[in-house]
Amino acid sequence: MRGYNFAYLDEQTKRMIRRAILKAVAVPGYQVPFGSREMPLPFGWGTGGIQVTASIIGADDVLKVIDQGADDTTNAVSIRRFFALTTGVRTTEETAEASIIQTRHRIPEKPLTADQILVYQVPIPEPLRWLEARETETRKMHALAEYGVMHVKLYEDIATHGRIATSYNYPVLVNERHVMAPSPIPKFDNPKMDHMPALQLFGAGREKRIYAVPPYTDVKSLDFEDYPFEKQTWEHACALCGSRDSYLDEVVTDDRGGRMFVCSDTDYCAERRDAGHVGTGAPVTYGADAAE
Amino acid sequence: MSEHPQTLLTVTGLTRHFGRVVGCEDVGFDLWPGEVLGVVGESGSGKTTLLNCLSGILEPTAGTVSYTDRTGQVQDLYAISEPRRRFLMRTDWGMVHQNPRDGVRMRVSAGANIGERLMAVGARRYGDIRAEAGAWMERVEMDLDRMDDMPRTFSGGMLQRLQIARNLVSKPRLVFMDEPTGGLDVSVQARLLDLLRRLVTDLGLAAVVVTHDLAVVRLLAHRLAVMRRGRVVETGLTDQVLDDPQHPYTQLLVSSVLQT
Amino acid sequence: MASDPLIEVRGLVKSFTLHTQGGVVLPVLDGVDLSVEGGECVVLDGPSGSGKSTLLRSLYANYKPQGGSIRVRHRGTVVDLVSASPHRVLDVRKHTIGYVSQFLRAIPRVPALDVVAEPLRMLGVPAEAAAAKAAALLDRLRVPEPMRSLAPATFSGGEQQRVNIARSFVVDYPILLLDEPTAALDAENRATVVQIIREAIARGAAVVGIFHDAEVRDSVGDRIYRLTGYTAAA
């Protein structure tokens with residue numbers, strides 16, 4: 001596109017962001033401050049992820065953008081168009097085909113490979129923020145690995161709900177050193193982060209932080225010995241593809257209590273259906289109408 | 001470096017200035033294990049500045065605070081690394097603030113408040129943490145039913161008990177208290193004092209208690225330091241300082257209050 | 001009798017400077033000498049204001065003399081209470097000197113039995129043994145069982161005094177300082193207290209006391225030490 005540099009950001013900015021990324025990769029889980037730029041969309045719409053993607057993307061890359069697992073939501077479509085326009089790179093909805101996947105709130109179901117990079121959009125990068133408002137103090141807590149308070153939160157969950165009820169943005173310990181917020185992905189996705197072959201980059205535009213999990217790095221979800229980490233499970237299979245091992249969204253199908261459980265990862269679901277897998281296709285019904 | 005290897009705390013020449021204002025000036029004393037030192041004086045006499053310098057919160061302008069740790073090693077509080085100091089502060093030491101809201105996490109339950117220090121040093125069994133928190137609630141005479149309640153639903157006296165339990169759970173050897181009974185009703189004060197007194201004796205705690213209430217130090221402190229304008233003007237056995245005060249300021253202080 | 005005194009006072013000087021009243025100086029003791037051996041009871045005597053209480057309180061380091069020395073035998077050493085550090089004095093009080101004041105400084109909410117047992121607990125005696133010994137003393141002093149679980153703050157003067165006495169006699173201190181221990185007691189309890197004091201003397205304690213009651217004074221005192229006011233007579 002005329003009048004703009006490749007991938008919108010100027011080369012100096014990209015260089016600055018790449019330096020932050022290198023530092024983040026060198027210290028897994030550590031939040032590196034960076035000079036976040038104004039982007040042509042508001043903070044909170046993925047500006048952190050976009051700046052990271054813009055700094056690493058090259059002409060040969062193939063880009064996939066997902067929002068809550070889907071390729072076709074407004075946010076995902078806008079960002080994909082933005083990069084198509086400013087870089088001319090090929091975009092895709094197929095996980096396996098992409099070399100860079102920018103995501104909001106999910107990790108694809110299909111295992112990623114060593115030649116892929118996963119870029120997360122992060123609203124609040126600081127896992128200690130819920131307890132400590134002062135940035136100087138949270139930095140010190142990270143520096144000294146004073147992480148006892150993270151378990152206070154989990155304790156509180158168990159005391160209140162009888163189990164660890166935190167279901168997304170579930171805190172992890174990276175490389176046995178830094179506690180990290182994995183962005184608001186469901187805890188279902190947490191195990192995928194552990195020893196993932198792909199590089200994982202996290203960008204928080206408003207908070208001006210970049211952090212990373214290098215390939216094949218330990219990522220452990222915090223828990224108690226007597227209340228170990230557990231990911232979500234569903235009674236139902238995906239109504240469309242019959243999958244029992246993917247993250248399911250609950251979709252309201254009518255105004256009489258009808259529900260349907262379908263894969264949140266649209267590409268994964270479509271691929272399974274193409275391969276001949278089928279679900280029941282029927283909505284699950286609750287309430288008074290269920291007997292009819 | 002200490003002449004008294006058995007002392008828990010040795011303080012020499014402790015001075016803190018705020019620009020040209022003197023917070024505290026040339027304060028020195030020894031504190032032995034199990035001993036309670038009361039620091040009295042009017043508002044602005046430098047008590048709280050001293051307490052902050054002693055407890056690792058405020059770096060002094062001059063002077064040293066040496067602490068003998070559990071292994072018998074003498075640690076110069078402001079010469080050791082910050083991680084080491086912070087570790088001491090949340091394991092070996094406790095801090096009871098006048099306003100419990102400064103020392104209690106108001107947004108997590110009583111049980112989590114008490115369990116925090118255990119988790120901070122690596123306790124990872126929920127059941128054990130909870131049992132320990134419960135034992136401490138009983139010890140400070142809190143109703144076990146309140147374990148999962150939020151501190152904001154507690155009375156001032158209960159909050160202070162919670163703050164105390166939250167500190168003592170790590171079995172500290174030294175506790176700093178800033179007006180621990182201030183702001184409480186008289187009847188609540190008496191019960192809390194009695195509780196503190198018992199805990200200090202039973203656990204063999206050493207403590208530095210800052211207060212302007214002479215009745216508090218009469219009951220709690222073995223020794224007393226009287227502060228005025230940042231300096232310690234008189235020290236001695238608590239009953240001796242209160243019954244036979246030497247310094248004009250101490251005499252004024254003692255004669256200004258109702259009989260204790 | 002042993003030649004080594006348990007208490008040795010030499011040249012004790014004590015005055016009070018009242019800074020709040022224009023710096024008036026009240027001289028009370030000026031060059032007091034006194035030796036007390038184990039197994040004897042010295043009665044302090046003299047008119048009101050002659051310094052009996054001041055001397056007794058100085059012997060407990062409750063008052064701070066300006067000069068002289070108060071040397072006491074403490075766990076095989078000799079400690080001068082006038083110059084000893086507070087830390088040392090506390091140790092002397094814990095192991096060596098018991099003090100019965102005229103009034104009990106009641107601690108809110110602490111039951112009488114615990115008040116009495118506390119000095120033993122401080123010495124590391126197990127709770128049960130301490131409680132048993134405290135209960136036995138309270139038995140002798142006729143403090144009925146139901147009262148022992150109550151805080152003495154609500155007791156009558158006589159009852160408080162008996163709790164106070166029990167607290168000071170529960171440990172077999174080598175030195176006992178008694179300030180009018182029987183003032184608020186009836187005849188029966190007075191006799192018991194006299195008996196308890198005599199037992200302490202018999203086991204070798206050095207006792208110094210102020211007794212207004214002539215009968216008590218005569219039945220426990222071996223010797224009278226007379227204070228006459230500003231300058232003490234030998």
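Labels below follow one simple rule: chain letters A, B, ... track the order of the sequence lines, proteins then strands, and each chain is numbered from 1.
- In summary, C/Lys64 and B/Glu234 do not engage in a salt bridge, as defined by a charged side-chain N under 4.0 Å from a carboxylate O.
- Under the side-chain contact (heavy atoms from CB on, under 4.5 Å) test applied with C/Pro86, the options B/Leu237, B/Leu37, B/Leu224 reduce to a single match, B/Leu237.
- Within a 6.0 Å radius of CZ in C/Arg71, no more than 12 heavy atoms belonging to other residues, nucleotides or ligands are found.
- Of the charged side-chain nitrogens involved, at least one lies within less than 4.0 Å of a carboxylate oxygen, so that B/Asp244 and C/Lys14 count as a salt-bridged pair.
- By the 4.5 Å heavy-atom criterion applied to side chains, C/Arg121 and B/Thr201 are not counted as neighbours.
- Counting heavy-atom pairs closer than 4.5 Å to chain C, the top residue among B/His222, B/His247, B/Arg191 is B/Arg191.
- Of the inter-residue distances, the one linking C/Tyr60 atom OH with B/Asp243 atom CG reads 11.5 Å to the nearest 0.5 angstrom.
- Only the side chain of C/Gln66 comes within less than 4.5 Å of a heavy atom in chain B; its backbone stays farther off.
- Note that the CG atom of C/Asn62 and the CG atom of B/Leu242 stand 9.5 Å from one another [nearest 0.5 Å].
- C/His87 places no side-chain N or O within 3.5 Å of a backbone atom of B/Leu31 that could act as its donor or acceptor partner.
- Annotation: the span from C/Asp114 atom CG to B/Arg198 atom CZ amounts to 8.0 Å, rounded to 0.5 Å.
- One N or O on the side chain of B/Gln251 and one on the backbone of C/Thr17 form a donor-acceptor pair closer than 3.5 Å.
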